[in-house]
Amino acid sequence: EAGRWTVCVCDGDALFRQTPQQSPGPTTSSAAPAADGNETFATTTYTTTMTVTDTATHVPCSVASRYWLGDETTGIVNVDGVRYAGTSTWRAGSPSILRLSGTRLSSRDRIRIVSGSIDCFDPTASKQMHSAVSDRYPYLLPSGQRNGDYNSETDESWMDIVITLPGTYEVCWCPAELGGCDTDDDFIVRAATIEVSGPTPGVIQDNDCITGVSCTLEVEGSGMSNNDRLIAISEWRECGDASMTGTVVSGLDGPRTSGNDEVSRFGGVIMGAQGKFHVCWCGSYDAFFCPTCCQTGADFNVFVGNLTVGGPTQGTIFRPPIGVPFDYAVEGWGLSDIDRISIVDKTVLCSSPLANVHSTGIDPSTLPYGPPTRVQGPGSRNRTMVAWTGIVATEMRDYHVCWCAHFFGGCQEGQHFTLDLGVIKPRGAKNTTLIEAVPGRPFKLVIEAATGSSLSPHDRVRIVDQQLSKGKCGSFGSSEHSPSVAVQACWPICTPSPISEAPVIE
């Protein structure tokens, strides 16, 4: 490691000789005359004995007092290079800057980011760039020269580094003067430690939802925050290469709805179709430093797990006979005893304001207003089939069937019927244009089959009074022919009118 160092020296061969010790000897007392000869004073004499131990002992260099420095300049060593930068905290998938400082730094310095279990000082350890360091455009693999804005002999940096997998990493550094910075034993200086937070690495976190039902996606990890963002993409796409799937009807359009530093929860997610999806995470958003982050698919480059969306099978085409009661069955999983459907005209989109209003082409007395009348499956909220029975279509037109899952919102508004299950295309006669007839004269009534339909000798027609039936077949006034329809047609001769007979199939 670079820096200014002091070298203290211990002479391992030196012997330690004990210091001579003094001890008091015997004392003597005597009387001495005073200077003026008039008095006598008592005196005491002390004798000191010097004892010298002539043995020397060996004191090991493990004792701090055995180290010494000659003077203020002796033993001072300056080591040039990078200084250990400590631990930096990054977020997985977010572009970051690695800043290093030291002395005599150079544009020929190189770094490698390796697993936290690698000892940079070990020349035999593999120090290939970790696979979690992204080289996907627009991010840069930091294998070349430094590319920061403020590089000098004392500072250098590498920009736009992205690590996609949370964990601990070490930065191993190679100085310009050491080899070609192309082998593992060139990168023997530990320059920094990087702690990357985000979704738990190595764990595929799966979530389940039901189509049309509000659900919550959970992501566990470290350093989770309100800056987390999620998207769902098609299963065959990869995180970082795709934007949000259009199957998401609502939710996943902002910050998490709850959580802490170990889990983020995204509630209110409603999917518009069943299937399998990938969940991708972005942690680079910051209201102050990066308010425009986590807005493109490239920002969501961390794979979290899979999202499995259950619910009814979609895209079905049902062909019931016109005017005949039929059962409408929905198959899938995650269906419930409280689901609802609405049968609307083809021009009405499911989840639109009119998606809860049934078409007038369905006999009002047979409309499926309530819950299913037949169910199959293991539980009341995990049925595999639900059906509504006795529905009658009275008009030859195409219908959409919209689904309200699990009585969401009480199934009161069009937005609750979010899922388009498929189309009902009744089988029967094609709607014809206005037929002009001269009173009292016979006319020919030609009925054509609608597309995908076939006519039968058992088919019958009824000509009713428009004022009584109000223009709707199957309603009041259509139980019998209008009195205006003659039993005989006399032109020029009288013949029975075939109003109740089998048709002629052409």
Side-chain angles (χ1 to χ4, degrees), residues 316-330 341-348 357-370 373-374 387-401 421-506:
T316 60
I317 300 177
F318 186 55
R319 303 298 306 274
I322 188 72
V324 178
F326 65 88
D327 296 350
Y328 190 83
V330 180
I341 61 170
S342 64
I343 302 176
V344 300
D345 290 334
K346 183 181 179 180
T347 55
V348 177
V357 181
H358 288 282
S359 169
T360 57
I362 304 298
D363 185 342
S365 65
T366 67
L367 287 172
Y369 279 117
T373 52
R374 288 193 296 114
W388 289 260
T389 59
I391 304 170
V392 177
T394 59
E395 295 185 17
M396 287 296 295
R397 65 174 82 170
D398 290 347
Y399 305 90
H400 279 301
V401 181
L421 298 183
V423 178
I424 295 177
K425 299 173 71 71
R427 292 181 289 112
K430 180 188 298 183
N431 289 328
T432 59
T433 57
L434 179 66
I435 299 175
E436 294 185 359
V438 178
R441 294 187 180 183
F443 64 92
K444 184 177 182 180
L445 179 60
V446 178
I447 304 297
E448 296 182 2
T451 302
S453 301
S454 60
L455 303 181
S456 164
H458 302 290
D459 296 340
R460 297 294 186 270
V461 296
R462 184 167 289 166
I463 302 174
V464 300
D465 191 315
Q466 186 180 31
Q467 291 182 345
L468 288 177
S469 65
K470 296 182 179 179
K472 291 188 66 64
C473 294
S475 61
F476 176 80
S478 59
S479 59
E480 58 185 4
H481 285 288
S482 169
S484 299
V485 179
V487 177
Q488 286 187 336
C490 299
W491 189 270
I493 60 175
C494 293
T495 58
S497 179
I499 54 177
S500 300
E501 297 178 7
V504 177
I505 303 299
E506 298 178 353

Check your understanding: Can you check whether Phe443's main-chain N or O pairs, donor with acceptor, with Trp491's side chain at less than 3.5 Å?
Key ->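 Not confirmed, Trp491 side chain does not pair with Phe443 backbone.
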
Review point. Counting distance only, does the side-chain N/O of Thr394 pair as donor-acceptor with the main-chain N or O of Gly323 below 3.5 Å?
Key: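 Side chain of Thr394 to backbone of Gly323: no pair is present.
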
Practice item. Go through the steps to decide whether Arg319 and Ser453 satisfy the test side chain to side chain contact (heavy atoms under 4.5 Å, CB included), and finish with yes or no. Key: CA-CA 9 Å; Arg319 303 298 306 274; Ser453 301; 3.5 Å; yes

Smallest separation among heavy atoms of [X] and [Y], with atom names:
{"X": "Lys346", "Y": "His400", "value": "O-CD2, 3.1 Å"}
{"X": "Ala502", "Y": "Pro457", "value": "CB-O, 3.4 Å"}
{"X": "Met396", "Y": "Ala450", "value": "CE-CB, 3.4 Å"}
{"X": "Ile362", "Y": "Thr366", "value": "CG2-OG1, 3.9 Å"}

If you round to the nearest 0.5 Å, how far is [atom2] of [Y] from [atom1] of [X]?
{"X": "Asp327", "Y": "Ile391", "atom1": "CG", "atom2": "CD1", "answer": "7.5 Å"}
{"X": "Ile493", "Y": "Gln488", "atom1": "CD1", "atom2": "CD", "answer": "10.5 Å"}
{"X": "Ile463", "Y": "Ser482", "atom1": "CD1", "atom2": "OG", "answer": "8.5 Å"}
{"X": "Ile505", "Y": "Ser456", "atom1": "CD1", "atom2": "OG", "answer": "6.5 Å"}
{"X": "Ile499", "Y": "Arg460", "atom1": "CD1", "atom2": "CZ", "answer": "12.0 Å"}

May I ask you to test the [X]-[Y] pair for a side-chain heavy-atom distance under 4.5 Å?
{"X": "Pro325", "Y": "Val392", "value": "yes"}
{"X": "Leu445", "Y": "Val461", "value": "yes"}
{"X": "Tyr328", "Y": "Val330", "value": "yes"}
{"X": "Asp345", "Y": "Tyr399", "value": "yes"}
{"X": "His358", "Y": "Pro368", "value": "yes"}
{"X": "Arg374", "Y": "Thr389", "value": "yes"}

Check your understanding: How far apart are the C-alpha atoms of Val324 and Phe326, what are their side-chain angles, what is the distance that settles it, and do they pass the side chain to side chain contact (heavy atoms under 4.5 Å, CB included) test?
Key -> CA-CA 6 Å; Val324 178; Phe326 65 88; over 6 Å; no

Point to revise | More than 12 heavy atoms from other groups under 6.0 Å of CD1 on Ile317 | key: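 12 or below, so no.
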
Check your understanding: Among Asp398, Thr316, Ile343, which one satisfies side chain to side chain contact (heavy atoms under 4.5 Å, CB included) with Ile424?
Key ->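 The residue from Asp398, Thr316, Ile343 that satisfies side chain to side chain contact (heavy atoms under 4.5 Å, CB included) with Ile424 turns out to be Ile343.
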
Check your understanding: Any chance the side chains of Asp363 and Ser365 put a donor and an acceptor closer than 3.5 Å?
Key ->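 Present: a donor and an acceptor within the cut-off.
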
Exercise for review: Quick one: do Val464 and His481 satisfy side chain to side chain contact (heavy atoms under 4.5 Å, CB included)? Show the steps, please.
Suggested key: CA-CA 5 Å; Val464 300; His481 285 288; over 6 Å; no

